[in-house]
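A, B, ... follow the sequence lines: proteins, then strands. Residue 1 opens every chain. In this text, all values refer to a predicted model and were calculated from it rather than measured experimentally. All values below were derived from every heavy atom in this structure, side-chain atoms included, with hydrogens, water molecules and symmetry-related copies excluded.
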Protein chains: 2
Amino acid sequence: MKRVTIKDVAKRANVSTATVSRVVNGIGTVTDDNRDKVQTAIKELNYFVNTTASNLKKNSSNVIGIVIPTFTNEYFMELIKGIEDSFVYSEYVFYIASSKDDLDKEKEILQKFRESNVEGVILLTIGGNESFIQELLKMNMKIISVERRVEIDGGIDFIGENNVEAAYELTKKFLSEIPYRDVVLLGGYEELSIGHERIEGAVKALQEKKQEYTYLNGHFNAKISEEIFPDIVTRYPNGCGIISLNNTMTEGVIRAIHRDEEKDYSSKYPVASYGKIKFQSIFKNNIIASVRQYPYQIGVEVSNRLQNKIDGNASETVTKLIRNTID
Amino acid sequence: MKRVTIKDVAKRANVSTATVSRVVNGIGTVTDDNRDKVQTAIKELNYFVNTTASNLKKNSSNVIGIVIPTFTNEYFMELIKGIEDSFVYSEYVFYIASSKDDLDKEKEILQKFRESNVEGVILLTIGGNESFIQELLKMNMKIISVERRVEIDGGIDFIGENNVEAAYELTKKFLSEIPYRDVVLLGGYEELSIGHERIEGAVKALQEKKQEYTYLNGHFNAKISEEIFPDIVTRYPNGCGIISLNNTMTEGVIRAIHRDEEKDYSSKYPVASYGKIKFQSIFKNNIIASVRQYPYQIGVEVSNRLQNKIDGNASETVTKLIRNTID
DNA sequence: TTGTAGGCGTTATCAT
DNA sequence: ATGATAACGCCTACAA
C-alpha cells in the first residue's frame, strides 16, 4: 500500500501541493473554499504528514535528546517529569537514552543525536567525554549539562544543585545534634561533581567543628553500602554517626541497620542523608538529618533554559543552582 | 556554517557521491585506494551522516516508540531497562513518551509516532484509544501492547502478567495464613486489565474459601490508600486482613500503619500485596504474602518479540504471559 | 491567492 | 568498480 502524500491530496482537492502544504502548516494565505477542499481530501485519503521529509526540508527535527545514566533512578525520573511537564512546544518530542554508566555508550548516544539533528541535548554525564562534548559545542549544538558538571574550556550551561553548600549544612546540623561522637563519612563518585563537591562540603563542616572522621567509599550504591555497615559496627561497636552523601547509600545503610531486629542500632548509629529515601518518615529515628532535593524543579529550569536557547535568547553561558533544604 | 554533506566529501576525495555512500554504508564495491581517500576526506571535513535524509530515502527511521503512563514508576523503568538491554540492533533508538494517564495525550503520541515513521511501538495503554489503535494496526504499524491489554478485534500482540492467576494464588496463600478474619480487598483501575483481572483472581479465591470481604477502591494510588486506612480501622477496630492489589497502594497502607508508633497495627492488620515495595524485608511483619513481579523479564520478551516483527518473523498475533511468583 | 519548480542530503538503479 | 541521476516527501521562493 503506497503512502499517501501531499501530491495525492493536491490532486484530489484540485489544488497545488503548495496549497496543501499551506493548509497543513497553517501558514500563508488560502481561501476558505480551498481550505475546506483540502481538509476533506485529507480526511478521505487519511493523509498525515511525513515528519522525516518535513524535517529534511526545514533542517530541523523537533527532537530533544536526553542522556541519563540509568532509567531505574527516581531522581532522574522526577527530573524528566519536570522537563516534560514544563516544555510547552508541543511539536517537540523527547529521545531518552541511557548511557548505562558507560562513557563509550554516552559518546555513541551523543553522536547519534548529532546525526539525527536533535535541536537540543540534555546531558547527565557519566564523565570522560569532555573533548567530544566540546567538539559538539563548537558545531553549535545546544547542550545543557544537568546535575553533573562537565568541566570544559569556554563553559557549558549547567543546572544542578549546590552540593557543597547542602552537604556543609547537612553535616553542620548533624554534628550539632550528635556531639562527642565518632563519625563515618560515606561518599563515592569522587570523579564526578556530585561526588567530590559533597565531600568537600561535608569535610568543611567537619573541620570547622574539629571533628575527626573515617572516610568510606560506598560508590553511591545501596548494596555496597549495606555490606559496609558491619565494618562500621566492628570499628565503632559503641556507635557512631554516619553521614551518607547519597540517598541510595542511605537506603543500604537503613537496610543493614534493620537487618537484626533484636539489636537496636537506631540510637547508636544515627544517620545524616544527602537525599530522601522511601518511607523516610518511618525511619525518622534513624535518619535525623537530611537534604531535600528538588529534581522536578531542576527539570523545570532545564526546560525553560532549553526553550530560551531554541528561541535564540541564550547568548551567555549560564550556571544555575537550585537550592536544597535541610530537614 | 554550512553543513558538510556527502557531496563535499566526494569532491574532496575526487570520487562520486555514490562511492562515498558505499564507503559510509559499507555496501557495494569500492577499491581500497578509493576507500582510503574517502575516509580521510571524511575525517578532514568532519563529516557525519544526516540521518533524516537517509531515513527519507530509505523510508525508515530506526526509531522504536515507547508509550508509558508516567515516568515515575519503578515497574515501568525496569521494563524499559529490560527492553533496552536486550535490544541488539544498535542502530535503533528509543523515543519514550509519557501519556500522563491521559488518553488524548496517548493518542497524540501515537499520531506523532506514525508521522515519524517509527518502526515499532511498545504501548502501555491508559485505555480508551482502541479504535485509533486499530486504525494504526490496519496500516501495518508494528505495535506490541504490554502489561495492559488492548481489547481489539483481530487481536494485537500482548506481553504481560497473568494477573488473574497471581491474584488468586496470593489471596489463597493469604487466607490460609489468617483464617477467621475479616478481609478488605483494596483494588482499583477496574477499567484496565491490570485492575479487573486482579480483582477477578482475588474474588475467585475469596469465594472458594467462602470468605466475606469489603471492597474498597484505592485507585492504585499511595495517597488515597493511606487515607483509606483510618476508615478500615473504624470499620474493623479489632483488625482485618488487607489484600492490596497493587504495590503503590501497599505503600500507602504501610505508611498509614506506621503513622502511630505506639499503636501496634502490625499484627492486627496483616497485608497481602500484589507487587513488592521498597524495604519489604523490613516490613515483613506487616506484609505476610506478596506477588513478585518480573518487569525486566517482560521487557526482554517485548524486545525479542519486536525484533522478530522487524525481521518479518511474526505473522501470528501473540499473547505471552510471564509467570509471577508468590512469597 | 495560487501554482511551478528547485532543492534539502541521501540512496540505489542503471549505464559505463 | 564507478559515476550520473532520479527519486524519497516536503517546503518555499518566486512568478503569475
Trainee: Can you give me the first and the last nucleotide of DNA chain C (5' to 3') that has an atom within less than 4.0 angstrom of a non-hydrogen atom in chain A?
Mentor: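 It runs C:dT1 to C:dG9.
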Trainee: Applying salt bridge (Lys or Arg N to Asp or Glu O under 4.0 Å), can you list everything that pairs with A:Asp101, at least two apart in sequence or on another chain?
Mentor: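 In terms of salt bridge (Lys or Arg N to Asp or Glu O under 4.0 Å), with neighbours along the sequence ignored, A:Asp101 is linked to no residue.
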Trainee: With a 3.5 Å cut-off and sequence neighbours excluded, list the donor-acceptor pairs that the side chains of residues 142-154 of chain A form with protein atoms.
Mentor:
residue: A:Ser145; atom: OG; partner: A:Asp157; partner atom: O; Å: 2.6
residue: A:Arg148; atom: NH1; partner: A:Thr125; partner atom: O; Å: 3.0
residue: A:Arg149; atom: NE; partner: A:Glu197; partner atom: OE2; Å: 2.9

Trainee: What is the minimum heavy-atom distance between B:Leu306 and B:Phe87, and which atoms define it?
Mentor: CD2-CE1, 4.1 Å
Trainee: Between the protein and nucleotides 2-4 of chain D, list every N/O to N/O distance that falls short of 3.5 Å.
Mentor:
residue: D:dT2; atom: OP1; partner: B:Thr31; partner atom: OG1; Å: 2.8
residue: D:dT2; atom: OP1; partner: B:Asn34; partner atom: ND2; Å: 2.2
residue: D:dT2; atom: OP2; partner: B:Thr31; partner atom: N; Å: 2.8
residue: D:dG3; atom: OP2; partner: B:Ser16; partner atom: N; Å: 2.8
residue: D:dG3; atom: OP2; partner: B:Ser16; partner atom: OG; Å: 3.1
residue: D:dG3; atom: OP2; partner: B:Thr19; partner atom: OG1; Å: 2.8
residue: D:dG3; atom: N7; partner: B:Arg22; partner atom: NH2; Å: 3.4
residue: D:dG3; atom: O6; partner: B:Arg22; partner atom: NH2; Å: 2.8

Trainee: Over how many whole Å does the gap from A:Ile6 atom CD1 to D:dC8 atom P extend?
Mentor: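 Distance check: A:Ile6 CD1 to D:dC8 P gives 14 Å.
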Trainee: Pull out every residue in residues 44-59 of chain B that has a heavy atom closer than 4.0 Å to any atom of DNA chain D, ordered by number, or say none.
Mentor: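 Residues of residues 44-59 of chain B that come under 4.0 Å of DNA chain D are, in numerical order, B:Leu56, B:Lys57.
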Trainee: If you round to the nearest 0.5 Å, how far is CD of A:Glu130 from CG of A:Leu137?
Mentor: 11.5 Å
Trainee: Who are the salt bridge (Lys or Arg N to Asp or Glu O under 4.0 Å) partners of B:Glu135, not counting sequence neighbours?
Mentor: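 Salt bridge (Lys or Arg N to Asp or Glu O under 4.0 Å) list for B:Glu135, sorted by chain: B:Arg114.
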Trainee: How sharply is the helix from C:dT1-D:dA16 to C:dT16-D:dA1 bent, taking the axes over five pairs at either end and rounding to 10 degrees?
Mentor: 40°
Trainee: Between the side chains of B:Gln111 and B:Glu115, is a donor N or O closer than 3.5 angstrom to an acceptor N or O?
Mentor: yes
Trainee: List the residues meeting salt bridge (Lys or Arg N to Asp or Glu O under 4.0 Å) with A:Lys57, not counting sequence neighbours, and say none if there are none.
Mentor: none
Trainee: At 4.0 Å (heavy atoms only), tell me whether A:Thr5 reaches a base, stays on the sugar-phosphate, or touches nothing.
Mentor: sugar-phosphate
Trainee: Going by the rule ring-ring contact (aromatic ring centres under 6.0 Å, His included), which residues pair with B:Tyr296 if we only count those two or more places apart in sequence or in a different chain?
Mentor: none
Trainee: Apply salt bridge (Lys or Arg N to Asp or Glu O under 4.0 Å) to B:Lys320 and list each qualifying residue two or more places apart in sequence or on a separate chain.
Mentor: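 B:Lys320: salt bridge (Lys or Arg N to Asp or Glu O under 4.0 Å) contacts with B:Glu301.
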Trainee: Can you pull out every ring pair (Phe, Tyr, Trp, His ring centres under 6.0 Å) where at least one residue sits in residues 14-54 of chain B? Sequence neighbours excluded, please.
Mentor: none
Trainee: Only pairs at least two apart or in different chains count here, so list each ring pair (Phe, Tyr, Trp, His ring centres under 6.0 Å) that has a residue in residues 117-140 of chain B.
Mentor: none
Trainee: Do B:Ser86 side-chain atoms and B:Gly82 backbone N/O form a donor-acceptor pair below 3.5 Å?
Mentor: yes
Trainee: Checking side-chain contact (heavy atoms from CB on, under 4.5 Å) for the pair B:Phe94/B:Ile80: CA distance, chi angles, key distance, verdict?
Mentor: CA-CA 10 Å; B:Phe94 295 93; B:Ile80 289 176; over 6 Å; no
Trainee: D:dC10 phosphate, OP1 or OP2: any side-chain N/O from A:Ser21 under 4.0 angstrom?
Mentor: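 For D:dC10, OP1/OP2 do not have a side-chain N/O of A:Ser21 under 4.0 Å.
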